[in-house]
Amino acid sequence: MEISLSRMHFPVTTLGPGNRIGIWMQGCSLRCKGCLSPDTWSVKNNGITVEVLVEQMKDWLPFADGITISGGEPFEQPEALHSLLVAIRKISQGDILVYSGYEWHKIESQVSAMKGLIDALISEPFQVKATQTKILRGSDNQQLHMLTALGRKRFEQYERTMTTKDKVLDLSVDETGRIFLTGIPQRDDMQRLRLLLEQQEQPLKQLKK
Ligand code: SF4
């Protein structure tokens with residue numbers, strides 16, 4: 001089974017409890033206004049088989065507390081998602097969190113068909129105008145569904161409002177030097193980051209003159 005993959009990363013510490021393997025699926029037709037991952041929208045032919053993907057995860061698994069699958073939109077590749085979940089369950093005791101931009105009533109039957117494979121799921125589209133006070137969510141309309149006993153045990157702690165002590169972003173650099181921000185930024189984080197980088201650029205430009 002082929003899966004269209006955007007990227008994979010370990011460790012991710014801001015998308016669920018502990019050190020997690022993050023898997024971002026490629027392709028999303030929902031086009032939420034203000035989406036911070038438009039690079040994952042297009043459906044590209046960068047497929048990888050679930051077997052190869054799982055093989056690549058194996059070195060990380062002994063150190064991983066859980067797996068977070070996001071996108072893109074995982075439910076736009078339902079068969080690949082199902083196959084990936086089955087494969088992960090066979091080799092990991094960690095919890096599995098899945099993000100979806102679909103409203104719960106649109107994916108509920110698909111989630112039921114995957115019973116026991118997803119421990120927790122965050123549904124609903126990102127709404128840039130909604131408030132953002134809840135941990136793990138980009139906007140307060142997003143709903144956390146705890147679907148298994150393990151899901152309830154690990155994710156009950158996230159049914160609360162965010163505090164200033166909560167870490168919300170990881171920064172990582174891949175082997176090609178590309179920089180990734182992982183997690184759920186606060187509404188003005190990206191604007192502040194942009195300003196900061198512009199301020200860093202100014203002295204460099206002056207030096208080059
Ligand atoms: S569902 Fe996620 S990836 Fe898709 S547009 Fe909305 S925020 Fe972006």
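The first residue in the sequence is number 1, and the count goes up from there. Just so you know, ligand 1 is whichever comes first in the structure, and atom 1 is the first atom listed for that ligand. Worth knowing before you read on, the calculation uses all heavy atoms, side chains too, and leaves out hydrogens, waters and symmetry mates.
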>> For the CD1 atom of I122 and the CD1 atom of I184, what is their distance to the nearest 0.5 Å?
In response: 7.0 Å
> Is there a donor-acceptor pair under 3.5 Å between the side chain of S92 and the backbone N or O of R89?
Replying inline: no
>> Below 2.8 Å, can you find an N, O or S atom of C28 next to atom 6 (Fe) of ligand 1?
In response: no
> What atoms in ligand 1 come closer than 4.0 Å to a heavy atom of R31?
Replying inline: 5 (S)
> Any ion pair linking R152 and D119 (charged N to carboxylate O, less than 4.0 Å)?
Replying inline: no
>> Give me the residue, atom name and distance of the protein heavy atom closest to atom 5 (S) of ligand 1.
In response: C32 N, 3.1 Å
>> Using a 4.0 Å cutoff against the non-hydrogen atoms of L30, which atoms of ligand 1 qualify?
In response: 1 (S)
> Taking only heavy atoms of C35, which atoms of ligand 1 are found under 4.0 Å from at least one of them?
Replying inline: 3 (S), 5 (S), 7 (S), 8 (Fe)
> Does the side chain of L53 reach to within under 4.5 Å of the side chain of M8, using non-hydrogen atoms?
Replying inline: yes
>> Exactly one of T68, T14, D170 should register a side-chain hydrogen bond (donor to acceptor under 3.5 Å, both in side chains) with R20. Which one does?
In response: T68
> Would you call W41 a ligand 1 contact, heavy-atom distance under 4.0 Å?
Replying inline: yes
>> Judged on heavy-atom distance to atom 2 (Fe) of ligand 1, which of S37, G72, P38, G138 sits nearest?
In response: G72
>> Any carboxylate oxygen within less than 4.0 angstrom of a Lys/Arg side-chain nitrogen, looking at K106 and E76?
In response: no
> In ligand 1, which numbered atoms sit nearer than 4.0 Å to a non-hydrogen atom of G101?
Replying inline: 1 (S)
